[in-house]
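Here's the structure we're looking at; comments come further down.
Basis for what follows: all heavy atoms, side chains included, without hydrogens, waters or symmetry-related copies.
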Amino acid sequence: MSSSSQRILWRDRIHAAQAQRVASARSRTHRAVSHRDGARCEVDGRSLVNFCGNDYLGLSQHFAVINAFQDAASREGTGGVASHLVCGHHAQHEALERELADWLESPRALLLGSGFMANLAAVQGLLGEEDVCVQDRLNHASLIDAARLAGCRLRRYPHADPEGAIRQLRNVPDGLAMLATDGVFSMDGDIAPLRDLALVARAQKAVLYVDDAHGVGVTGPDGRGTVAAARLSVQEVPLQLATFGKALGSYGAALHGDADLIGHLAETARSHLYTTALPPAQAAATRAAIKLARNDHWRREKLAELTALFRERATQLGLELLPSGTPIQPVMCGDDRRALAMAQALEQQGYWVAAIRPPTVPEGRARLRVTFSALHTREQVEGLIEALARAAERVAIERADEAALATAGVGR
């Protein structure tokens with residue numbers, strides 16, 4: 001019997017990891033929201049204007065969405081009961097898949113429990129050990145994990161670089177190939193060069209898969225997303241992801257696209273087959289949200305107006321922004337501690353903005369991730385801009401004082 005004297009104990013592992021997170025200013029804690037009211041929320045007894053959510057169209061609290069959920073729950077209960085292929089596939093699920101496909105102009109849609117599960121389904125359902133998945137370096141973590149779990153060869157190209165994508169595909173000429181990208185990148189807010197990537201995929205006979213979690217509802221004609229905005233068809237982009245927990249203000253996700261491809265995933269995708277279906281009431285709420293997202297064009301117009309206002313004023317103040325035209329507006333901070341200090345200074349002024357640090361973003365690229373909702377007012381955005389200016393000035397003074405103290409200590 002082999003000796004276990006060198007075995008690592010789990011407590012030692014997690015304590016060492018925790019100490020490392022603390023030393024590098026990368027500890028993370030859950031903040032409990034006790035109440036939401038429009039763009040405001042109550043956190044730890046304080047009322048804050050929320051600028052870090054993904055409720056882009058402001059539908060999570062819309063009375064029509066809430067009423068649809070309550071009505072369906074009163075008739076059908078609160079649970080999904082079973083997986084879709086056993087007895088969990090409800091008429092509400094069927095209707096949601098049909099209405100979503102109609103809105104997004106896809107032949108077919110398939111419901112899943114979350115965007116993470118949908119990405120697992122898309123990649124694992126198609127790729128195996130002999131295949132390759134080529135991805136943008138800034139893709140969402142769920143796409144990266146999906147490729148790793150599929151066991152395929154994972155290759156990554158520089159952000160938004162079609163030439164890098166074609167090089168990676170040429171390096172692995174055999175097997176089935178998937179070219180996967182976010183539509184809107186969740187931390188940078190920019191949009192993938194989809195028309196160029198579609199040309200790359202066609203030239204290399206690869207399946208182009210677009211995770212449009214942050215695009216559906218926000219971009220494109222009638223809010224149909226980045227693929228529609230790029231005027232690409234299902235022949236060019238046979239597989240897409242739409243999530244319900246962002247612009248639609250609900251929960252869950254769907255894959256949509258080529259009917260044969262979606263049909264294959266419906267019978268083979270493990271994250272669809274081996275989990276309980278969404279509650280029918282949740283599907284009813286999402287159906288109500290889709291109707292609003294399709295028809296309330298003013299919501300997207302307001303987002304564009306607030307985004308333009310923020311970018312103009314923030315640039316005037318000398319804040320460093322990224323080239324994003326979406327409601328995701330990163331304010332670059334550089335190091336982790338400055339991002340945390342800026343977020344804390346904003347919260348003291350009544351604004352909740354998340355500090356995003358590695359490994360979510362690359363080293364040295366910590367930032368404040370400002371996001372807008374149709375629930376926000378111009379006055380709230382202007383107040384945030386003024387608070388950002390004060391926070392930047394305050395943090396700069398504090399860091400200068402710390403540097404002076406450190407220098408004085410060295411001199412002694």
Side-chain angles (χ1 to χ4, degrees), residues 31 33 36-44 46-58 60-61 184-191 214 217-219 246-247 298-357 360-361 364-401:
R31 305 287 302 278
V33 176
R36 290 191 176 96
D37 183 13
R40 304 192 73 89
C41 55
E42 188 171 312
V43 187
D44 300 331
R46 295 192 61 188
S47 178
L48 303 174
V49 183
N50 185 3
F51 279 102
C52 57
N54 297 323
D55 187 16
Y56 301 123
L57 300 183
S60 68
Q61 300 174 63
V184 174
F185 290 90
S186 59
M187 292 299 124
D188 282 31
D190 58 336
I191 296 175
H214 294 270
V218 176
T219 63
K246 297 177 176 62
W298 67 266
R299 296 178 186 275
R300 284 179 286 277
E301 292 166 0
K302 185 175 181 183
L303 281 177
E305 175 189 325
L306 296 178
T307 298
L309 169 65
F310 177 82
R311 290 189 65 83
E312 178 184 1
R313 292 287 307 280
T315 301
Q316 291 171 352
L317 290 171
L319 297 172
E320 182 183 354
L321 305 180
L322 293 180
S324 165
T326 69
I328 302 169
Q329 292 295 315
V331 178
M332 303 306 292
C333 299
D335 68 81
D336 299 6
R337 286 181 171 80
R338 182 169 186 266
L340 286 172
M342 287 281 288
Q344 291 166 0
L346 286 174
E347 185 168 331
Q348 290 172 2
Q349 298 177 73
Y351 298 92
W352 193 6
V353 180
I356 307 297
R357 296 158 287 159
T360 306
V361 294
R365 303 285 288 171
R367 66 199 63 182
L368 299 176
R369 182 180 181 269
V370 176
T371 55
F372 299 116
S373 167
L375 296 173
H376 288 126
T377 65
R378 285 182 63 92
E379 292 73 21
Q380 287 171 332
V381 174
E382 289 169 347
L384 171 67
I385 294 165
E386 293 171 1
L388 276 166
R390 288 191 292 268
E393 181 179 1
R394 172 180 166 182
V395 170
I397 292 171
E398 290 176 349
R399 289 168 71 89
D401 290 344

Taking all non-hydrogen atoms of both residues, which atom of [X] and which atom of [Y] are closest, and how far apart?
{"X": "A247", "Y": "G217", "value": "CB-CA, 4.0 Å"}
{"X": "G189", "Y": "S324", "value": "O-OG, 2.9 Å"}
{"X": "A39", "Y": "H376", "value": "CB-CD2, 3.5 Å"}
{"X": "R369", "Y": "V353", "value": "O-CG1, 3.8 Å"}
{"X": "H214", "Y": "S186", "value": "NE2-CB, 3.3 Å"}
{"X": "R311", "Y": "L322", "value": "NH1-O, 2.8 Å"}

Side-chain ([X]) to main-chain ([Y]) donor-acceptor, under 3.5 angstrom:
{"X": "R365", "Y": "M332", "answer": "no"}
{"X": "D37", "Y": "R40", "answer": "no"}
{"X": "Q380", "Y": "T377", "answer": "yes"}

Quiz question: by atom type and distance under 3.5 Å, do the side chains of S373 and D55 form a donor-acceptor pair?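 No.
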Between R394 and Q349, does any side-chain donor sit less than 3.5 Å from a side-chain acceptor?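 No, no side-chain donor-acceptor contact under 3.5 Å.
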Can you classify the ring geometry of F372 versus F51 as parallel (below 30°), tilted (30 to 60°) or perpendicular (above 60°)?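 Perpendicular: the ring planes of F372 and F51 meet at over 60°.
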With a 4.5 Å cut-off on side-chain heavy atoms, are [Y] and [X] touching?
{"X": "L303", "Y": "T326", "result": "no"}
{"X": "L340", "Y": "R357", "result": "yes"}
{"X": "T315", "Y": "F310", "result": "no"}
{"X": "Q61", "Y": "L375", "result": "yes"}
{"X": "I356", "Y": "L368", "result": "no"}
{"X": "P327", "Y": "T371", "result": "no"}
{"X": "V184", "Y": "D190", "result": "no"}
{"X": "V49", "Y": "W352", "result": "no"}

Nearest 0.5 Å, please: how far is [atom2] in [Y] from [atom1] in [X]?
{"X": "E393", "Y": "L388", "atom1": "CD", "atom2": "CG", "answer": "13.0 Å"}
{"X": "R313", "Y": "L384", "atom1": "CZ", "atom2": "CG", "answer": "10.5 Å"}
{"X": "K302", "Y": "L57", "atom1": "NZ", "atom2": "CG", "answer": "11.5 Å"}
{"X": "L321", "Y": "E312", "atom1": "CG", "atom2": "CD", "answer": "12.0 Å"}
{"X": "Q329", "Y": "L319", "atom1": "CD", "atom2": "CG", "answer": "11.5 Å"}

Show your reasoning for whether salt bridge (charged side-chain N to carboxylate O under 4.0 Å, His left out) applies to R31 and E347. CA-CA 13 Å; R31 305 287 302 278; E347 185 168 331; 2.7 Å; yes
Between R390 and E386, does the side chain to side chain contact (heavy atoms under 4.5 Å, CB included) criterion hold? Intermediate values first, please. CA-CA 6 Å; R390 288 191 292 268; E386 293 171 1; 3.9 Å; yes
Side chain to side chain contact (heavy atoms under 4.5 Å, CB included) evaluation trace for R46 with D44: CA-CA 6 Å; R46 295 192 61 188; D44 300 331; 5.6 Å; no
How about R36: does its CZ atom have over 12 heavy atoms from other parts shown lying under 6.0 Å from it?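 Open.
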Should we say atom CD of E382 is surrounded by more than 12 heavy atoms from elsewhere, each under 6.0 Å from it?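 Correct, the count exceeds 12.
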Is there a salt bridge (charged side-chain N to carboxylate O under 4.0 Å, His left out) between D188 and R367 once you walk through the steps? CA-CA 10 Å; D188 282 31; R367 66 199 63 182; 2.6 Å; yes
Go through the steps to decide whether E305 and R378 satisfy the test salt bridge (charged side-chain N to carboxylate O under 4.0 Å, His left out), and finish with yes or no. CA-CA 9 Å; E305 175 189 325; R378 285 182 63 92; 3.3 Å; yes
